[in-house]
Amino acid sequence: MFLSPRSLPSRLPALLLALGLSGCGAIAALDDASTPLEIYELQTPPIQPSAARGRLELVVEPPIASGALSTERIMIRPAPLQAQYLPEVRWSDEAPAMLQTLLVRSLSETGAFASVGRAPLGAQGDYALLGELTDFQAQGAEGVAAVRIRIMLRLVRERDASVVAARTFEVTEPAADTETDTLVAAFDRGTSRILAEVLPWVVGATRGGA
């Protein structure tokens, strides 16, 4: 609708007010988007190095995961079929990438391999570790909580693409309450427990299938 010259002066304050309110809404939205989030990062546990350094090269692929887990947000399930995220906090990376980093660092620190990385140094590595992350969340409500982690791993020999070993690792780590720091500490303990099982399994499987 076009405004006539006579109606413009009377309507101008209302138009300016509407534009002002719209601008305030946009600024408020920008403020919310720019609010800094607390960042949490999980650590590798203390690792006892192998007595003799290995000669094999291991490539650790990022585990595949559902869209709900492929995020930097920290998931909590108040009910089995309900997924939410803790407000104002996030992981340092998407959950699958963070697990990949922990695996690369931990397997490197064992000294059981000549190289552990996200990609082969040459045209092809000796082994590849593939995974699927199916659980990586806190669960519970009303102050009772636990962290559940479940990852399925396959060790593949690169020269013939054969699966040398496959295993599912899972832990449930209790948390005293649903406070963010308490839950993150439970995630840290849970991943340490997973890694304590994964490392000797990978080392033993590569040596047995070499």
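Computation of the quantities below employed the complete heavy-atom set of this structure, encompassing side-chain atoms and omitting hydrogens, waters and symmetry-equivalent molecules.
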| said: Measuring from atom OG of Ser115 to atom CG of Leu58, what distance do you get when rounded to the nearest 0.5 angstrom? | reply: 8.5 Å
| Residue pair Glu170, Ile149: steps toward the side chain to side chain contact (heavy atoms under 4.5 Å, CB included) verdict | CA-CA 5 Å; Glu170 55 186 313; Ile149 304 171; over 6 Å; no
| said: Using every non-hydrogen atom in the two residues, find where Val147 and Ala186 come nearest and quote the distance to one decimal. | reply: CG2-CB, 3.6 Å
| query | Roughly how far, to the nearest 0.5 Å, is CE of Met98 from OG1 of Thr191? | reply | 8.0 Å
| message | Quick check for you: to the nearest 0.5 Å, what is the distance between Tyr127 atom OH and Leu56 atom CG? | response | 6.0 Å
| Looking only at heavy atoms, which two atoms of Gln43 and Leu102 are closest? And how far apart? | C-CD2, 3.8 Å
| For Thr178, does its backbone N or O pair with a side-chain atom of Thr182 as donor and acceptor, under 3.5 Å? | no
| message | Other residues, nucleotides and ligands only: do more than 12 of their heavy atoms fall within 6.0 Å of CZ on Arg189? | response | yes
| message | For the CD1 atom of Ile151 and the OG1 atom of Thr168, what is their distance to the nearest 0.5 Å? | response | 9.5 Å
| message | Using the rule given for side chain to side chain contact (heavy atoms under 4.5 Å, CB included), can you reason through Leu153 versus Val198, listing the C-alpha separation, both sets of side-chain angles and the distance that settles it, and then say yes or no? | response | CA-CA 9 Å; Leu153 294 177; Val198 170; 3.8 Å; yes
| request: Write down the atom of Leu133, the atom of Pro63, and the distance for their closest heavy-atom approach. | output: N-CB, 4.1 Å
| Do Leu130 and Val156 have side-chain heavy atoms sitting under 4.5 Å apart? | yes
| task | Kindly indicate whether the side chain of Leu86, heavy atoms from C-beta on, has any atom under 4.5 Å from the side chain of Arg73. | result | no
| task | Report the relative orientation of the aromatic rings in Phe136 and Trp91; use parallel for angles under 30°, tilted for 30 to 60°, perpendicular for over 60°. | result | tilted
| request: List in chain and number order the residues that pass side chain to side chain contact (heavy atoms under 4.5 Å, CB included) with Gln137, two or more places apart in sequence or in another chain; answer none if no residue qualifies. | output: Leu69, Met75, Arg77, Asp135, Gln139, Arg148
| If you look at every heavy atom in Ala166 and Val163, which pair is closest and at what distance? | CB-CG1, 4.4 Å
| Would Val89 and Thr180 satisfy side chain to side chain contact (heavy atoms under 4.5 Å, CB included), going step by step from the backbone distance to the final call? | CA-CA 8 Å; Val89 296; Thr180 297; 3.9 Å; yes
| Could you go step by step and tell me if Val202 and Phe113 meet the side chain to side chain contact (heavy atoms under 4.5 Å, CB included) rule? | CA-CA 11 Å; Val202 173; Phe113 300 93; 3.9 Å; yes
| said: Do Arg118 and Val60 make a side-chain contact, defined as non-hydrogen atoms from C-beta onward lying under 4.5 Å apart? | reply: no
| said: With a 4.5 Å cut-off on side-chain heavy atoms, are Leu183 and Ile74 touching? | reply: no
| request: Check Pro45 against Leu195 and note the closest heavy-atom contact, atom names and distance. | output: CD-CD1, 3.5 Å
| With distance as the sole criterion, is a donor-acceptor pair present between the side chains of Asp188 and Tyr40 under 3.5 Å? | no
| message | Can you confirm whether Asp126 sits close enough to Arg157 that some side-chain heavy atom of one is under 4.5 Å from a side-chain heavy atom of the other? | response | no
| Side chain to side chain, Gln100 and Leu103, heavy atoms closer than 4.5 Å | no
| said: Within the 4.5 Å heavy-atom criterion, are Leu129 and Val59 side-chain neighbours or not? | reply: no
| said: With a 6.0 Å cut-off (strictly less than), is the heavy-atom count around CD of Glu197, excluding the residue itself, greater than 12? | reply: yes
| query | Do the side chains of Arg150 and Met152 get nearer than 4.5 Å, heavy atoms only? | reply | yes
| query | If you take all heavy atoms of Ser92 and Glu41, which pair is closest and at what distance? | reply | OG-CG, 3.5 Å
| task | Nearest 0.5 Å please: distance from the OG atom of Ser70 over to the CD1 atom of Ile64. | result | 9.0 Å
| said: Strictly distance-based, threshold 3.5 Å: is any side-chain N or O of Thr110 a donor or acceptor partner for the main-chain N or O of Leu107? | reply: yes
| Between the side chain of Thr71 and the main-chain N/O of Gly67, is any donor-acceptor distance below 3.5 Å? | no
| Rounded to the nearest 0.5 Å, how far apart are CG of Leu199 and CD of Gln48? | 12.5 Å
| Residues in ring-ring contact (aromatic ring centres under 6.0 Å, His included) with Phe169, at least two apart? | Trp201
